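Each chain gets a letter, A, B and so on, in the order its sequence line appears, and its residues count up from 1. Everything numeric here is computed off the predicted structure, so don't read it as measured data.
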Amino acid sequence: MATRNWILHLDLDQFIAAVELLRHPELRGRPVVVGGTGDPTQPRTVAATATYEAREHGVHSGMPLRTALRRCPDAVFLPSDPPAYEAASERVMAVLREFPVLVEIWGWDEAFLGATTDDPETLAADLQHAVRTRTRLDCSIGIGDNKHQAKLASALAKPAGVRRLTTANWAETMNHRPTDALWGIGARISKRLAALGYHTVAQLAAADPAELARHFGPTNGPWYRYLALGKGEAEVVTTPWIARGHSRETTFPQDLTDRADLARHLTALAGHVTQDAVDAGREITRVSVKVRTTPFLTRTRQSKLPAPTTDPALVTRTALDILDRHDLTHPVRLIGVAVEYTMPKE
DNA sequence: TCTGGGGTCCTAGGACCC
DNA sequence: TCTGGGGTCCTAGGACCC
(Lines give C-alpha, C1' and ligand atoms only; values in the text may rest on other atoms or scores of the structure.)
Protein backbone atom coordinates (compact mmCIF):
# COMPACT_ATOMS: atom_id res chain seq x y z
CA MET A 1 0.00 0.00 0.00
CA ALA A 2 1.65 3.18 -1.21
CA THR A 3 1.61 6.07 1.25
CA ARG A 4 4.10 8.57 -0.15
CA ASN A 5 2.73 11.63 -2.00
CA TRP A 6 4.62 13.15 -4.91
CA ILE A 7 4.25 16.13 -7.17
CA LEU A 8 5.14 15.47 -10.80
CA HIS A 9 5.65 18.19 -13.39
CA LEU A 10 5.15 17.17 -16.99
CA ASP A 11 6.60 19.43 -19.65
CA LEU A 12 6.10 18.68 -23.34
CA ASP A 13 9.40 18.98 -25.19
CA GLN A 14 9.56 21.72 -27.82
CA PHE A 15 5.78 21.58 -27.87
CA ILE A 16 4.92 23.98 -30.70
CA ALA A 17 7.76 22.79 -32.90
CA ALA A 18 6.85 19.16 -32.19
CA VAL A 19 3.23 19.71 -33.23
CA GLU A 20 4.33 21.42 -36.43
CA LEU A 21 6.75 18.58 -37.25
CA LEU A 22 3.90 16.08 -36.88
CA ARG A 23 2.00 18.03 -39.52
CA HIS A 24 5.08 18.52 -41.69
CA PRO A 25 7.16 15.35 -41.26
CA GLU A 26 9.27 16.28 -44.28
CA LEU A 27 10.75 19.15 -42.24
CA ARG A 28 12.23 16.82 -39.60
CA GLY A 29 15.93 17.50 -39.24
CA ARG A 30 15.69 20.93 -40.82
CA PRO A 31 15.87 24.30 -39.04
CA VAL A 32 12.29 25.42 -38.44
CA VAL A 33 11.10 28.67 -36.89
CA VAL A 34 7.46 29.25 -35.90
CA GLY A 35 5.97 32.68 -35.35
CA GLY A 36 3.57 35.36 -36.53
CA THR A 37 2.15 34.76 -39.97
CA GLY A 38 5.27 32.87 -40.98
CA ASP A 39 6.65 35.78 -43.01
CA PRO A 40 10.21 36.38 -41.80
CA THR A 41 10.37 39.78 -43.47
CA GLN A 42 7.52 41.12 -41.34
CA PRO A 43 8.93 43.60 -38.80
CA ARG A 44 8.04 43.45 -35.10
CA THR A 45 7.24 39.75 -35.21
CA VAL A 46 9.10 37.30 -33.00
CA ALA A 47 9.68 33.55 -32.99
CA ALA A 48 7.35 31.49 -30.81
CA THR A 49 9.82 28.63 -30.97
CA ALA A 50 12.74 27.27 -32.94
CA THR A 51 13.85 23.68 -33.48
CA TYR A 52 17.22 22.45 -32.22
CA GLU A 53 18.54 22.68 -35.79
CA ALA A 54 17.61 26.39 -35.88
CA ARG A 55 19.02 26.96 -32.39
CA GLU A 56 22.38 25.77 -33.63
CA HIS A 57 22.40 28.92 -35.76
CA GLY A 58 21.71 31.10 -32.71
CA VAL A 59 17.97 31.36 -33.26
CA HIS A 60 15.77 31.23 -30.17
CA SER A 61 12.19 31.96 -29.16
CA GLY A 62 11.52 35.65 -28.70
CA MET A 63 13.99 36.59 -31.41
CA PRO A 64 12.66 38.86 -34.17
CA LEU A 65 11.92 36.80 -37.28
CA ARG A 66 14.02 39.16 -39.38
CA THR A 67 17.01 38.44 -37.16
CA ALA A 68 16.29 34.72 -37.34
CA LEU A 69 16.24 34.93 -41.13
CA ARG A 70 19.59 36.71 -41.14
CA ARG A 71 21.14 34.12 -38.82
CA CYS A 72 19.63 31.13 -40.54
CA PRO A 73 18.66 31.89 -44.16
CA ASP A 74 17.88 28.21 -44.81
CA ALA A 75 15.29 28.01 -42.04
CA VAL A 76 11.69 27.12 -42.82
CA PHE A 77 9.32 29.71 -41.35
CA LEU A 78 5.86 28.56 -40.33
CA PRO A 79 2.89 30.61 -39.10
CA SER A 80 1.76 30.21 -35.50
CA ASP A 81 -1.48 28.19 -35.27
CA PRO A 82 -2.87 28.40 -31.72
CA PRO A 83 -6.00 26.29 -32.37
CA ALA A 84 -3.80 23.39 -33.50
CA TYR A 85 -1.70 23.65 -30.34
CA GLU A 86 -4.82 23.84 -28.23
CA ALA A 87 -6.15 20.65 -29.82
CA ALA A 88 -2.86 18.80 -29.38
CA SER A 89 -2.68 19.95 -25.77
CA GLU A 90 -6.15 18.61 -25.04
CA ARG A 91 -5.20 15.21 -26.42
CA VAL A 92 -2.24 15.08 -24.07
CA MET A 93 -4.21 16.20 -21.03
CA ALA A 94 -6.86 13.57 -21.77
CA VAL A 95 -4.15 10.89 -21.62
CA LEU A 96 -2.95 12.18 -18.25
CA ARG A 97 -6.46 12.06 -16.82
CA GLU A 98 -6.66 8.33 -17.49
CA PHE A 99 -4.00 7.78 -14.83
CA PRO A 100 -4.81 7.57 -11.10
CA VAL A 101 -3.38 11.06 -10.49
CA LEU A 102 -4.66 14.57 -9.79
CA VAL A 103 -4.12 16.79 -12.84
CA GLU A 104 -3.57 20.55 -12.73
CA ILE A 105 -3.09 22.00 -16.20
CA TRP A 106 -0.64 24.85 -16.60
CA GLY A 107 -0.98 26.18 -20.13
CA TRP A 108 -0.65 24.24 -23.36
CA ASP A 109 2.42 22.22 -22.60
CA GLU A 110 2.61 21.74 -18.85
CA ALA A 111 0.77 20.01 -16.07
CA PHE A 112 1.33 19.26 -12.41
CA LEU A 113 0.28 15.83 -11.23
CA GLY A 114 -0.40 14.70 -7.69
CA ALA A 115 0.33 11.01 -7.13
CA THR A 116 0.55 8.53 -4.30
CA THR A 117 3.05 5.82 -5.12
CA ASP A 118 6.22 4.16 -3.89
CA ASP A 119 7.77 4.28 -7.34
CA PRO A 120 7.33 7.69 -8.99
CA GLU A 121 9.97 6.94 -11.63
CA THR A 122 7.94 4.02 -12.96
CA LEU A 123 4.81 6.17 -12.95
CA ALA A 124 6.69 8.86 -14.87
CA ALA A 125 7.93 6.35 -17.42
CA ASP A 126 4.41 4.99 -17.86
CA LEU A 127 3.11 8.53 -18.41
CA GLN A 128 5.79 9.27 -20.97
CA HIS A 129 5.07 6.04 -22.80
CA ALA A 130 1.34 6.69 -22.89
CA VAL A 131 1.75 10.27 -24.11
CA ARG A 132 4.28 9.16 -26.72
CA THR A 133 2.10 6.31 -27.97
CA ARG A 134 -1.15 8.23 -28.08
CA THR A 135 0.04 11.65 -29.29
CA ARG A 136 3.52 11.03 -30.70
CA LEU A 137 4.80 13.84 -28.46
CA ASP A 138 7.76 13.61 -26.08
CA CYS A 139 7.70 15.01 -22.59
CA SER A 140 10.04 15.44 -19.65
CA ILE A 141 8.91 14.70 -16.14
CA GLY A 142 10.20 16.13 -12.88
CA ILE A 143 9.47 14.49 -9.54
CA GLY A 144 9.44 16.57 -6.36
CA ASP A 145 7.96 17.10 -2.93
CA ASN A 146 6.37 20.32 -4.18
CA LYS A 147 5.64 22.15 -7.43
CA HIS A 148 8.79 24.25 -7.32
CA GLN A 149 11.04 21.20 -7.06
CA ALA A 150 9.07 19.25 -9.67
CA LYS A 151 9.13 22.18 -12.09
CA LEU A 152 12.90 22.60 -11.86
CA ALA A 153 13.36 18.84 -12.08
CA SER A 154 11.47 18.60 -15.37
CA ALA A 155 13.76 21.23 -16.86
CA LEU A 156 16.77 19.20 -15.72
CA ALA A 157 15.19 16.09 -17.24
CA LYS A 158 15.03 17.47 -20.79
CA PRO A 159 14.92 16.05 -23.34
CA ALA A 160 12.42 13.26 -22.73
CA GLY A 161 13.89 12.26 -19.37
CA VAL A 162 12.81 11.80 -15.78
CA ARG A 163 14.50 13.52 -12.85
CA ARG A 164 13.85 13.55 -9.12
CA LEU A 165 14.53 16.73 -7.12
CA THR A 166 13.34 16.56 -3.53
CA THR A 167 14.30 18.02 -0.19
CA ALA A 168 16.76 15.11 0.11
CA ASN A 169 18.92 16.19 -2.84
CA TRP A 170 17.94 19.86 -3.14
CA ALA A 171 21.13 21.31 -1.67
CA GLU A 172 23.54 19.17 -3.67
CA THR A 173 21.62 19.89 -6.89
CA MET A 174 20.81 23.56 -6.48
CA ASN A 175 23.15 25.25 -3.97
CA HIS A 176 25.86 26.18 -6.45
CA ARG A 177 23.47 27.56 -9.08
CA PRO A 178 22.71 31.27 -9.64
CA THR A 179 19.54 32.59 -7.99
CA ASP A 180 17.70 32.95 -11.30
CA ALA A 181 17.71 29.16 -11.57
CA LEU A 182 14.81 29.32 -9.12
CA TRP A 183 11.25 29.38 -10.45
CA GLY A 184 10.05 32.91 -9.71
CA ILE A 185 13.38 34.72 -9.70
CA GLY A 186 14.22 36.28 -13.04
CA ALA A 187 17.04 38.40 -14.40
CA ARG A 188 16.03 41.61 -12.61
CA ILE A 189 15.66 40.24 -9.11
CA SER A 190 18.73 38.04 -9.56
CA LYS A 191 20.77 41.14 -10.36
CA ARG A 192 19.46 43.02 -7.33
CA LEU A 193 20.17 40.01 -5.13
CA ALA A 194 23.71 39.82 -6.49
CA ALA A 195 24.20 43.49 -5.63
CA LEU A 196 23.38 42.55 -2.03
CA GLY A 197 25.95 39.74 -2.12
CA TYR A 198 23.58 36.87 -2.81
CA HIS A 199 24.87 35.22 -5.96
CA THR A 200 24.02 31.56 -5.40
CA VAL A 201 21.02 29.61 -4.17
CA ALA A 202 23.00 28.63 -1.05
CA GLN A 203 23.78 32.27 -0.24
CA LEU A 204 20.14 33.27 -0.70
CA ALA A 205 18.98 30.38 1.50
CA ALA A 206 21.21 31.69 4.29
CA ALA A 207 20.05 35.31 3.91
CA ASP A 208 18.32 37.27 6.65
CA PRO A 209 14.56 37.35 5.87
CA ALA A 210 14.22 40.78 7.47
CA GLU A 211 16.88 42.23 5.19
CA LEU A 212 15.19 40.66 2.16
CA ALA A 213 11.86 42.10 3.29
CA ARG A 214 13.38 45.57 3.53
CA HIS A 215 14.64 45.39 -0.05
CA PHE A 216 11.88 43.43 -1.77
CA GLY A 217 8.79 43.89 0.37
CA PRO A 218 7.20 41.84 3.15
CA THR A 219 5.86 39.10 0.88
CA ASN A 220 8.43 38.86 -1.89
CA GLY A 221 11.62 39.18 0.17
CA PRO A 222 11.06 36.22 2.52
CA TRP A 223 9.51 34.27 -0.34
CA TYR A 224 12.77 34.41 -2.34
CA ARG A 225 14.55 32.75 0.58
CA TYR A 226 11.85 30.10 0.72
CA LEU A 227 12.46 29.34 -2.94
CA ALA A 228 16.19 29.03 -2.27
CA LEU A 229 15.43 26.50 0.47
CA GLY A 230 13.53 24.42 -2.09
CA LYS A 231 10.14 25.06 -0.58
CA GLY A 232 6.96 25.64 -2.54
CA GLU A 233 3.29 24.92 -3.03
CA ALA A 234 2.45 21.23 -2.77
CA GLU A 235 -1.28 21.19 -3.45
CA VAL A 236 -2.52 20.10 -6.87
CA VAL A 237 -5.69 22.03 -7.70
CA THR A 238 -7.97 20.18 -10.09
CA THR A 239 -10.77 22.76 -10.30
CA PRO A 240 -10.62 24.87 -13.48
CA TRP A 241 -8.82 28.19 -13.17
CA ILE A 242 -11.04 31.26 -13.08
CA ALA A 243 -9.42 34.07 -15.02
CA ARG A 244 -8.92 37.37 -13.20
CA GLY A 245 -9.09 39.34 -16.39
CA HIS A 246 -8.45 39.39 -20.08
CA SER A 247 -6.65 41.58 -22.60
CA ARG A 248 -5.96 42.14 -26.26
CA GLU A 249 -3.19 44.20 -27.74
CA THR A 250 -1.70 44.97 -31.13
CA THR A 251 1.76 46.00 -32.20
CA PHE A 252 1.62 47.93 -35.45
CA PRO A 253 4.07 47.12 -38.26
CA GLN A 254 4.66 50.87 -38.50
CA ASP A 255 4.13 53.46 -35.77
CA LEU A 256 0.84 55.32 -35.64
CA THR A 257 0.74 59.05 -35.00
CA ASP A 258 -2.85 59.96 -35.84
CA ARG A 259 -5.21 59.88 -32.87
CA ALA A 260 -8.14 58.90 -35.09
CA ASP A 261 -6.23 55.79 -36.21
CA LEU A 262 -5.48 54.90 -32.60
CA ALA A 263 -9.11 55.44 -31.64
CA ARG A 264 -10.22 53.13 -34.43
CA HIS A 265 -7.90 50.32 -33.30
CA LEU A 266 -8.82 50.88 -29.67
CA THR A 267 -12.53 50.69 -30.51
CA ALA A 268 -12.02 47.34 -32.25
CA LEU A 269 -9.96 45.96 -29.35
CA ALA A 270 -12.50 47.09 -26.77
CA GLY A 271 -15.28 45.43 -28.76
CA HIS A 272 -13.28 42.18 -28.95
CA VAL A 273 -12.47 42.17 -25.25
CA THR A 274 -16.09 42.76 -24.33
CA GLN A 275 -17.31 40.02 -26.63
CA ASP A 276 -14.70 37.69 -25.09
CA ALA A 277 -16.11 38.51 -21.66
CA VAL A 278 -19.66 37.81 -22.83
CA ASP A 279 -18.54 34.50 -24.38
CA ALA A 280 -16.87 33.58 -21.10
CA GLY A 281 -19.96 34.58 -19.12
CA ARG A 282 -18.04 37.21 -17.17
CA GLU A 283 -18.65 40.85 -16.19
CA ILE A 284 -16.13 43.68 -16.53
CA THR A 285 -15.25 45.84 -13.53
CA ARG A 286 -12.19 47.74 -14.70
CA VAL A 287 -10.79 48.93 -18.02
CA SER A 288 -7.12 49.59 -18.70
CA VAL A 289 -5.50 51.04 -21.82
CA LYS A 290 -1.86 50.32 -22.63
CA VAL A 291 0.16 52.50 -24.98
CA ARG A 292 3.70 51.72 -26.08
CA THR A 293 5.53 54.54 -27.81
CA THR A 294 8.90 54.71 -29.49
CA PRO A 295 11.41 54.27 -28.04
CA PHE A 296 9.68 51.33 -26.36
CA LEU A 297 8.16 53.20 -23.45
CA THR A 298 5.06 51.48 -22.09
CA ARG A 299 2.38 53.27 -20.06
CA THR A 300 -0.98 52.13 -18.71
CA ARG A 301 -4.00 54.10 -17.52
CA GLN A 302 -7.05 52.50 -15.98
CA SER A 303 -10.51 53.21 -14.63
CA LYS A 304 -12.79 51.26 -12.38
CA LEU A 305 -16.31 51.16 -13.77
CA PRO A 306 -19.19 52.42 -11.59
CA ALA A 307 -20.79 48.99 -11.93
CA PRO A 308 -19.93 45.66 -13.60
CA THR A 309 -20.88 45.62 -17.28
CA THR A 310 -20.94 43.62 -20.50
CA ASP A 311 -21.91 46.62 -22.63
CA PRO A 312 -19.46 47.06 -25.52
CA ALA A 313 -20.43 50.72 -25.94
CA LEU A 314 -19.62 51.52 -22.32
CA VAL A 315 -16.32 49.65 -22.39
CA THR A 316 -15.36 51.35 -25.65
CA ARG A 317 -16.30 54.81 -24.39
CA THR A 318 -14.33 54.22 -21.20
CA ALA A 319 -11.31 53.06 -23.20
CA LEU A 320 -11.44 56.13 -25.45
CA ASP A 321 -11.68 58.42 -22.40
CA ILE A 322 -8.65 56.69 -20.91
CA LEU A 323 -6.79 57.10 -24.21
CA ASP A 324 -7.16 60.86 -23.81
CA ARG A 325 -5.32 60.64 -20.50
CA HIS A 326 -2.28 59.24 -22.31
CA ASP A 327 0.54 61.33 -23.65
CA LEU A 328 0.20 60.78 -27.42
CA THR A 329 2.91 63.17 -28.54
CA HIS A 330 5.22 60.29 -29.49
CA PRO A 331 4.66 57.74 -32.28
CA VAL A 332 2.73 54.71 -31.00
CA ARG A 333 3.86 51.14 -31.72
CA LEU A 334 1.37 49.25 -29.55
CA ILE A 335 -2.07 49.78 -28.16
CA GLY A 336 -3.98 47.40 -25.92
CA VAL A 337 -7.08 47.02 -23.79
CA ALA A 338 -7.20 44.97 -20.61
CA VAL A 339 -10.20 44.33 -18.41
CA GLU A 340 -10.72 42.88 -14.97
CA TYR A 341 -13.61 40.58 -14.23
CA THR A 342 -15.84 40.29 -11.22
CA MET A 343 -14.85 37.16 -9.36
CA PRO A 344 -17.60 34.69 -8.49
CA LYS A 345 -18.28 34.49 -4.76
CA GLU A 346 -16.55 31.68 -2.83
C1' DT B 1 18.22 41.25 -31.07
C1' DC B 2 15.05 47.28 -32.35
C1' DT B 3 12.38 44.12 -28.75
C1' DG B 4 4.83 39.54 -29.47
C1' DG B 5 0.76 38.48 -26.83
C1' DG B 6 -1.55 36.94 -22.82
C1' DG B 7 -1.58 36.28 -18.17
C1' DT B 8 -0.75 36.75 -12.49
C1' DC B 9 0.72 38.89 -8.33
C1' DC B 10 2.97 42.46 -5.50
C1' DT B 11 4.29 47.22 -4.14
C1' DA B 12 3.83 51.95 -3.24
C1' DG B 13 1.68 56.34 -3.01
C1' DG B 14 -2.28 59.20 -2.64
C1' DA B 15 -7.21 59.93 -1.50
C1' DC B 16 -10.50 59.50 1.78
C1' DC B 17 -12.70 58.30 6.07
C1' DC B 18 -13.00 57.57 11.04
C1' DT C 1 -6.11 74.94 14.76
C1' DC C 2 -3.01 71.47 14.06
C1' DT C 3 -2.07 66.76 14.01
C1' DG C 4 -2.04 61.32 15.15
C1' DG C 5 -2.83 56.76 13.42
C1' DG C 6 -5.18 53.11 11.02
C1' DG C 7 -7.84 51.05 7.38
C1' DT C 8 -9.42 50.70 2.68
C1' DC C 9 -9.81 51.83 -2.08
C1' DC C 10 -7.80 53.31 -6.35
C1' DT C 11 -4.14 53.77 -9.61
C1' DA C 12 0.47 53.05 -11.94
C1' DG C 13 4.18 50.35 -12.48
C1' DG C 14 7.31 46.38 -11.96
C1' DA C 15 8.47 41.60 -12.14
C1' DC C 16 7.71 37.08 -13.49
C1' DC C 17 5.92 33.24 -16.31
C1' DC C 18 4.43 30.62 -20.65
Side-chain angles (χ1 to χ4, degrees), chain A residues 9 11-12 14-16 33-37 40 42-50 57-72 79-80 82 85-86 89 105-111 147-148 151-152 154-155 179-180 182-193 213-224 227 233 241-255 269 272-273 276 285-306 322 325-327 331 333-341 343:
Chain A
H9 180 259
D11 200 330
L12 290 158
Q14 289 272 287
F15 174 61
I16 291 174
V33 181
V34 183
T37 59
Q42 181 80 3
R44 298 177 177 177
T45 306
V46 302
T49 190
H57 292 81
V59 177
H60 55 79
S61 67
M63 174 179 282
L65 292 185
R66 299 216 283 194
T67 306
L69 178 62
R70 215 179 310 127
R71 291 198 175 188
C72 189
S80 177
Y85 313 141
E86 179 77 48
S89 175
I105 296 167
W106 268 62
W108 283 336
D109 58 349
E110 288 182 46
K147 289 179 179 172
H148 181 209
K151 167 84 181 175
L152 297 187
S154 72
T179 56
D180 61 2
L182 300 169
W183 188 36
I185 295 183
R188 301 296 184 94
I189 298 297
S190 183
K191 202 170 173 185
R192 288 174 61 191
L193 286 168
R214 273 201 308 281
H215 284 95
F216 300 100
T219 303
N220 288 341
W223 180 57
Y224 298 151
L227 292 179
E233 179 65 54
W241 177 255
I242 299 171
R244 270 60 176 161
H246 178 60
S247 68
R248 283 183 181 247
E249 63 187 48
T250 310
T251 293
F252 309 115
Q254 277 89 32
D255 291 342
L269 290 170
H272 271 300
V273 162
D276 293 338
T285 58
R286 175 183 297 277
V287 180
S288 173
V289 173
K290 173 153 117 182
V291 173
R292 177 171 291 153
T293 54
T294 47
F296 214 75
L297 190 68
T298 308
R299 289 279 177 269
T300 61
R301 294 283 181 275
Q302 52 181 285
S303 285
K304 183 180 162 65
L305 295 170
I322 296 170
R325 285 157 49 198
H326 272 95
D327 173 16
R333 63 178 288 144
L334 171 150
I335 197 160
V337 179
V339 297
E340 277 178 29
Y341 293 148
M343 291 303 288

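Residue A:R188 qualifies as open at atom CZ: its count of foreign heavy atoms under 6.0 Å is 12 or below.
What you find for A:L182 and A:L227 is that their closest heavy atoms are CD2-O, 3.6 Å.
For A:R66 and B:dT3, the shortest distance from a side-chain N or O to OP1 or OP2 is not below 4.0 Å. Taking 4.0 angstrom as the limit, A:R292 places none of its side-chain polar atoms (N or O) nearer than this to OP1 or OP2 of B:dT3. Side-chain nitrogen and oxygen atoms of A:R248 include none within less than 4.0 Å of the OP1 or OP2 phosphate oxygen of B:dG6.
Across every strand in view, B:dC18 sits in a pair with C:dG5 that passes the Watson-Crick or G-U test at under 3.5 angstrom.
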For nucleotides 10-18 of chain C, 5' to 3', base contacts (B), sugar-phosphate-only contacts (S) and non-contacts (-) with protein non-hydrogen atoms under 4.0 Å give SBBS-SSSS
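The distance between atom CZ of A:R71 and atom P of B:dT3, rounded to the nearest whole Å, is 14 Å. Atom CD in A:Q254 sits about 16 Å away from atom C1' in B:dT3, given to the nearest Å. One atom, CD of A:Q42, and another, C1' of B:dC2, lie 15 Å apart when rounded to the nearest Å. Distance A:R44 CZ to B:dT1 C1': 14 Å, rounded to the nearest Å. B:dG6 atom P lies 9 Å from atom CG of A:L269, rounded to whole Å. A:L297 places its CG atom 21 Å from the P atom of B:dC2, with the value rounded to the nearest Å. The OH atom of A:Y85 sits 14 Å away from the C1' atom of B:dG5 (whole-angstrom rounding). Taking atom CD1 of A:I16 as the reference point, atom P of B:dG5 lies 15 Å away to the nearest angstrom.
Looking at heavy atoms from C-beta onward, A:L334 lies in side-chain contact with A:K290 at the 4.5 angstrom threshold.
Backbone-only engagement by A:T67 is indicated by non-hydrogen atom pairs under 4.0 Å involving sugar-phosphate atoms exclusively. Contacts of A:G245 with the nucleic acid, taken as non-hydrogen atoms under 4.0 Å apart, involve only primed sugar atoms and P, OP1 or OP2. Residue-level contact check: A:T250 touches the backbone only, with heavy atoms under 4.0 Å from sugar-phosphate atoms and none from bases. A:A47 comes within 4.0 angstrom of nothing in the nucleic acid, heavy atoms only. Counting any heavy atom pair closer than 4.0 Å across all strands shown, A:W241 reaches sugar-phosphate atoms only and no base atom.
We find that A:D255 and A:R44 are joined by a salt bridge, their nearest charged nitrogen and carboxylate oxygen being less than 4.0 Å apart.
The backbone N or O of A:I242 sits less than 3.5 Å from a side-chain atom of A:R244, completing a donor-acceptor pair. With hydrogens and angles ignored, the 3.5 Å screen pairs no side-chain donor or acceptor of A:T49 with any backbone N or O of A:V34. Looking only at distances, a side-chain donor or acceptor of A:R325 sits under 3.5 Å from a matching main-chain atom of A:Q302.
Positionally, the nearest nucleotide of DNA chain B for A:K290 lies more toward the 5' end than for the other of A:K290 and A:T219. In this structure, A:V46 and A:H60 both approach DNA chain B, and ranking their closest nucleotides by distance from the 5' end singles out A:H60.
When only modelled atom types and interatomic distance are considered, A:R333 and A:T251 share no side-chain donor-acceptor pair under 3.5 Å.
When the C1' atom is used for both B:dC16 and C:dG4, the distance is 16 Å, rounded to whole Å. Taking the C1' atoms as reference points, B:dC17 lies 16 Å from C:dT3, given to the whole Å.
Here the nucleotide nearest the side chain of A:R244, chosen from B:dG6, B:dC9, B:dG7, is B:dC9. Of the candidates B:dG6, B:dC9, B:dG4, the closest approach to any side-chain atom of A:S247 belongs to B:dG6.
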